[in-house]
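Structure, as structure tokens:
Below, chain A is the first sequence line, B the second, and so on; all start at residue 1. Since we're looking at a predicted model, the values are computed, not measured.
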Amino acid sequence: MAKIMLVEDDAILVEMYQAKFELEGHDVFVANNGEECLQALDTYVPELILLDILMPKINGFHVLKEIKKRPNLRQIPVILLTNLGEAEVDMNKELAQALGVSDYLIKSHHTPDEVVNKVVKVLAAK
Amino acid sequence: MSDTRVQRKASQSRQPASDGNTVELENLRRERDRLLAIMENANNGLIVLDTKHIVTRTNQQFRELNGGKDIVGWDFFKYLHHPRVAPYVNLDMEIDRLKQRLESGQHTTLYAEVSHPEPDTEMHRLQMIVSPLSEIEGTGAVINLQDVSALVEKTVEANEMAQKAQRHSRELTELTELAEVSSIYGFRLETIFQRYLSKISGLIDSSLISVYMYQPSTQRLVVRATTTQFNEHEKAVSLGDDNLPGRVFVGKRSQIENAETASAPHAVAVPILFHSKTLGIILVTGRKRAYDNHDLKLMNLIAGRLAVLVENATLYHDVNARRERWEAVFRFTDEGIVIFDNKTKIVGFNPASTNLTKFAANEAIGQQFTKIVKTVTAEGLSLAALSPIKQVLAEGKTITKSEQLLEDRHGGRTWTEISYSPIFDSAGRVTSGIAIVRNIQKDREVEEVKSDFISIVSHELRTPLSAIKGFLSMILQKDFGELNDKQFHYLNRVYQSNQRMIDLVEDLLDVSSIESGKIKLAQNPLALESIITEVVTELASKGFEKQITLKVNRKNRLPLVLADETRLRQILVNLVDNAIKYSFPKSEVVIDFKVQGDELVTGISDTGVGITASQMDRIFQKFGRIYNPMSVQSGGTGLGLYIVKRLVESHGGRIWVSSREGRGSRFSFALPIAKQLPLLE
């Protein structure tokens with residue numbers, strides 16, 4: 001069992017990922033946007049963060065920068081879980097690595113099962 | 001009678017003479033006989049008249065001229081008036097006037113034409129010199145007659161020759177003048193025709209002249225210029241055999257048609273021939289005299305000159321019209337047209353070029369091409385060094401539609417599409433070049449808006465699609481409990497359909513990023529072998545259902561290609577997946593390789609439905625999907641091959657297909673081989 005923070009603004013997707021992770025026996029803390037995420041991180045330290053990019057107010061990249069600024073959070077693995085394609089954000093594996101991101105997953109490409117497996121893999125590698 | 005008179009004179013002078021005068025008398029008689037003999041034998045005819053114009057003596061020569069008849073005793077003038085004489089003697093002077101002149105003591109030289117009542121006798125032309133002889137008593141006049149027939153004939157001949165020569169020289173002058181018509185009237189055909197009509201009228205002495213020209217649209221000869229005013233010539237004639245112009249045009253030979261009856265006029269027609277091409281004909285009528293070969297020769301000369309003028313004028317008008325058309329294009333087109341010489345200096349610059357560069361034509365001409373048509377990178381760095389115009393000039397290469405950011409003289413930037421082309425002379429040497437600059441700023445902007453729209457829509461589509469996919473996958477994995485068979489089966493169908501929608505969104509996103517130029521390739525030297533193995537392994541299960549075998553034909557190690565790994569995999573997956581879809585069951589899909597120059601060609605062949613000729617054209621187009629009888633649900637988006645083609649091309653490669661309907665297809669694509677670093681050699 002792991003403590004996972006899910007940063008996602010779409011309520012249905014939140015429900016879906018939360019259901020799957022809890023089914024697999026993980027503890028999910030949900031933040032509905034970037035602001036909520038950064039606030040929660042003041043008191044709650046997860047083992048892994050699943051981070052959406054396109055969110056109102058503070059977007060995922062901004063959140064990522066903030067996390068990397070905080071020494072107590074810097075080591076937490078972050079998996080970008082988004083629906084922005086590589087072309088839209090110029091995102092690729094190298095850039096993700098440079099940003100200190102563990103993986104980059106496109107929601108429509110992966111089933112929740114596959115996302116859980118990735119998370120488990122990343123946590124195991126830690 | 002005359003003898004007695006002379007004798008009387010002699011006796012009168014003898015009376016006072018003594019015996020000593022007998023000798024003198026004898027001498028005088030001899031003298032008289034001698035004179036008479038001279039008169040009698042003279043070459044000219046002689047008539048002696050007394051003071052009352054009575055003929056007192058004639059000589060042998062006269063009597064011969066007069067048909068052997070003597071006229072002694074006749075009044076000379078009454079004789080000439082006599083009804084049996086007058087019709088045969090034609091004097092060039094009134095008889096009474098001659099008489100008057102004689103009586104007033106004047107010498108007269110006149111001419112007479114004398115014929116004989118008998119048929120078939122020659123007419124004589126006589127010269128008559130009538131001389132009054134007042135100092136000899138009793139003698140009025142001597143008339144000296146000389147047959148000048150031969151002389152007159154010669155003179156007439158000489159006169160005719162002189163006239164002919166004069167006519168020829170006049171004709172020559174006129175023809176020379178015609179030759180100058182073109183320099184005077186330039187290429188104004190109507191004026192040239194009018195000038196020719198009036199010259200022909202003078203030269204051929206005919207009043208009715210028409211120039212007919214061939215009109216291809218009606219296949220008739222149509223009058224282009226005429227001197228006729230009352231439709232004496234038909235306005236248009238067919239090329240048939242039933243009319244003179246038609247016959248002359250078709251036969252290409254001039255023709256005289258002289259009238260046999262009074263009602264039909266004489267006519268001559270000549271073709272206007274340029275080399276062996278007949279342009280038209282000239283028809284001449286309206287002369288009382290029949291036409292002869294001389295007229296024909298003249299007309300042929302004239303028609304020959306006219307042909308050259310007509311041909312020149314036609315050429316001139318053609319060239320002029322063409323030039324005007326091109327000038328209009330040059331002036332009014334929206335595309336900048338810049339012409340440069342073989343030293344890359346600008347020699348032509350149209351108004352649209354001024355709009356794009358903000359340089360006026362007179363500022364641009366003479367300048368270096370790259371100074372005026374400035375292409376830059378997005379960061380503003382000059383691309384002058386990379387301008388392809390030197391290549392165009394040196395290699396005669398054509399470069400089409402290269403997208404360039406153009407910077408005007410004030411630093412303003414416009415996206416343009418520039419095509420370069422060499423201009424060759426007749427010997428095939430490059431003399432200059434032309435650049436066509438099209439403003440695609442608006443196209444780019446529209447394209448950007450379109451691609452932004454697509455990416456936003458795609459993103460918005462992805463979210464609900466992900467939710468459907470995620471929940472379904474969980475249900476199908478029985479995360480929420482058991483499903484009965486039907487539930488499982490149909491939910492699977494929903495899952496597949498959803499997946500198709502996701503694929504379509506992915507393809508649309510690919511198309512939008514390719515078309516907007518946002519796609520970024522990380523091209524590295526890659527080994528095809530491992531990628532092929534991965535693709536084949538991934539797709540083997542798809543072929544398995546239809547018992548299709550995937551076979552990789554590779555003998556040697558393949559050279560590395562310069563490619564983006566993700567995109568190369570995408571290309572291969574697409575092509576192999578397509579091959580499986582369109583294959584007959586229990587067949588083989590073969591992948592093979594071939595090194596061609598500095599390219600590696602990969603071929604994917606299937607045995608299947610193939611592609612018809614009509615489908616071939618649109619197979620690489622967007623939504624150019626073809627009907628697949630092998631599967632009701634083809635599962636494609638119609639974008640796959642388009643994306644593949646664009647991806648191959650953005651690698652600097654090529655893709656092509658060959659196929660036989662009902663037999664199968666072979667898709668081939670060539671990618672550049674990664675050049676080995678010199679250190680590794």
Can you list, pair by pair, the side-chain donor-acceptor contacts under 3.5 Å of residues 54-62 of chain A, counting residues two or more places apart and other chains?
from  : atom 1 : to    : atom 2 : distance (Å)
A/N59 : OD1    : A/F61 : N      : 3.0
A/N59 : OD1    : A/H62 : N      : 3.0

>> More than 12 heavy atoms of other residues, nucleotides or ligands under 6.0 Å from OH of B/Y490: yes or no?
In response: no
> Would a 4.5 Å heavy-atom cut-off, applied to side chains only, mark A/S108 and B/V505 as touching?
Replying inline: no
> So how far is it from A/H109 NE2 to B/I502 CD1, rounded to the nearest 0.5 Å?
Replying inline: 7.5 Å
>> Heavy atom to heavy atom, less than 4.5 Å: which residues from residues 643-654 of chain B reach chain A?
In response: none
> Residues of residues 468-477 of chain B under 4.5 Å from chain A (heavy atom pairs)?
Replying inline: B/K469, B/G470, B/F471, B/S473, B/M474, B/Q477
>> Is it true that, when you exclude A/K68 itself, more than 12 heavy atoms of the residues, nucleotides or ligands shown sit nearer than 6.0 Å to its NZ?
In response: yes
> Closest heavy-atom contact between B/S466 and A/N83?
Replying inline: OG-ND2, 3.1 Å
> Would you say B/N484 has more than 12 foreign heavy atoms packed within less than 6.0 Å of its CG?
Replying inline: yes
>> Show the nearest heavy-atom pair for residues A/I12 and B/A467, with the distance to one decimal.
In response: CG2-CB, 3.9 Å
> More than 12 heavy atoms of other residues, nucleotides or ligands under 6.0 Å from OH of A/Y44: is that the case?
Replying inline: yes
> Around atom CD of A/E15, are there more than 12 heavy atoms of other residues, nucleotides or ligands at under 6.0 Å?
Replying inline: no
> Does any heavy atom of chain B fall under 4.5 Å from the side chain of A/H110, the backbone, both, or neither of them?
Replying inline: backbone
>> At under 4.5 Å between heavy atoms, what parts of residues 19-30 of chain A are in contact with chain B? List them by residue number.
In response: A/A19, A/K20, A/L23
